Every structure is written in C-alpha cells, then in structure tokens.
Amino acid sequence: KMAEEVYGLATPQQLNEIDPIEQASYPPDEPASREKLHFRITEANDYFLVASIGGKVAGYVCSTMAEGDALTHESMEKHVPGG
C-alpha cells in the first residue's frame, strides 16, 4: 500500500523539514533563510502549501503578496496582505 499524500498549509512545526529542501533547491546565495521561511509560514500562511507523503514533507510552494506589477528582491522580502 502506498503512503497517503496530504496537502495543506504549512505549520511552524514543519520548518525543520522545509528548510533543508529550500537550501538544496537553489544556488547557495538564493535560498530563503530559515527566518524568512518562518516569516512566510506565520505571516503569509495562506500562500504556503505543503505536500506530505506518509507524514513527511515531500515538497512545498510558498509565496507572498506584494504591491505593484514587478517582482523584485525587495518585494519578496515582505508580505503585503491584499497586495
């Protein structure tokens, strides 16, 4: 029997599983820091979806809301509710 796939909003308790995935997924100067991931989990949680298989984080998608039409490094540093 295959393990169950579950999708849901990220929780702070999942940060220890999310952070290594983030660090391994980007060049050394590009991944979000642990602090930024925690910020996104707590402040932009509606935009942080986690996929779990057998109770373990298998992947995730996260984002924040921003104002304006252009995505910039600065706009990714914060979350503007309703942006």
Side-chain angles (χ1 to χ4, degrees):
K1 180 180 175 183
M2 293 190 63
E4 181 181 13
E5 294 178 22
V6 177
Y7 301 90
L9 297 178
T11 66
Q13 294 77 18
Q14 292 172 311
L15 185 56
N16 286 337
E17 293 180 76
I18 292 169
D19 185 47
I21 296 170
E22 177 77 11
Q23 302 311 311
S25 297
Y26 294 95
D29 62 332
E30 291 187 18
S33 67
R34 184 177 181 85
E35 292 77 20
K36 289 292 180 191
L37 291 169
H38 185 265
F39 172 81
R40 292 174 186 169
I41 290 171
T42 58
E43 301 298 322
N45 190 247
D46 287 345
Y47 307 100
F48 205 131
L49 182 67
V50 171
S52 299
I53 300 175
K56 302 263 186 205
V57 174
Y60 63 91
V61 176
C62 72
S63 67
T64 56
M65 296 290 288
E67 295 178 326
D69 295 330
L71 182 63
T72 65
H73 283 284
E74 182 181 334
S75 70
M76 291 188 293
E77 295 289 319
K78 55 189 171 184
H79 174 62
V80 180

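These numbers were taken from a predicted model, which means no experiment stands behind them.
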So which pairs with a foot in residues 9-33 pass ring pair (Phe, Tyr, Trp, His ring centres under 6.0 Å), sequence neighbours left out? none
Would you say the side-chain atoms of Asn45 pair up with the backbone N or O of Ala10, donor to acceptor, closer than 3.5 Å? yes
Backbone of Lys36 reached by a side-chain donor or acceptor of Ser33 within 3.5 Å: yes
Full working for side-chain contact (heavy atoms from CB on, under 4.5 Å) between Ser52 and Gln14: CA-CA 10 Å; Ser52 299; Gln14 292 172 311; 3.9 Å; yes
From Tyr7 OH over to Ile53 CD1, what is the distance, rounded to the nearest 0.5 angstrom? 6.5 Å
Counting C-beta onward and ignoring hydrogens, is there a side-chain heavy-atom pair between Thr42 and His79 closer than 4.5 Å? no
Check: Glu43 side chain, Arg40 main-chain N or O, donor-acceptor pair, under 3.5 Å: no
For Tyr60, which fellow cluster members are found when Ile, Leu, Val, Met, Phe, Trp and Tyr are connected by side-chain heavy-atom distances below 4.5 angstrom, either directly or through intermediates? Leu15, Ile18, Ile21, Leu37, Ile41, Phe48, Val50, Val57
For the student: nearest non-hydrogen atoms of Lys56 and Glu17, plus distance: CA-OE1, 3.4 Å
Atom pair SG/CD of Cys62 and Glu22 - distance to nearest 0.5 Å: 6.0 Å
In residues 63-71, what donor-acceptor pairs under 3.5 Å come from side-chain atoms, sequence neighbours left out?
from: Thr64; atom 1: OG1; to: Lys78; atom 2: O; distance (Å): 3.3

Is a side-chain N or O of Gln23 found less than 3.5 angstrom from the main chain of Ala32, in a donor-acceptor match? yes
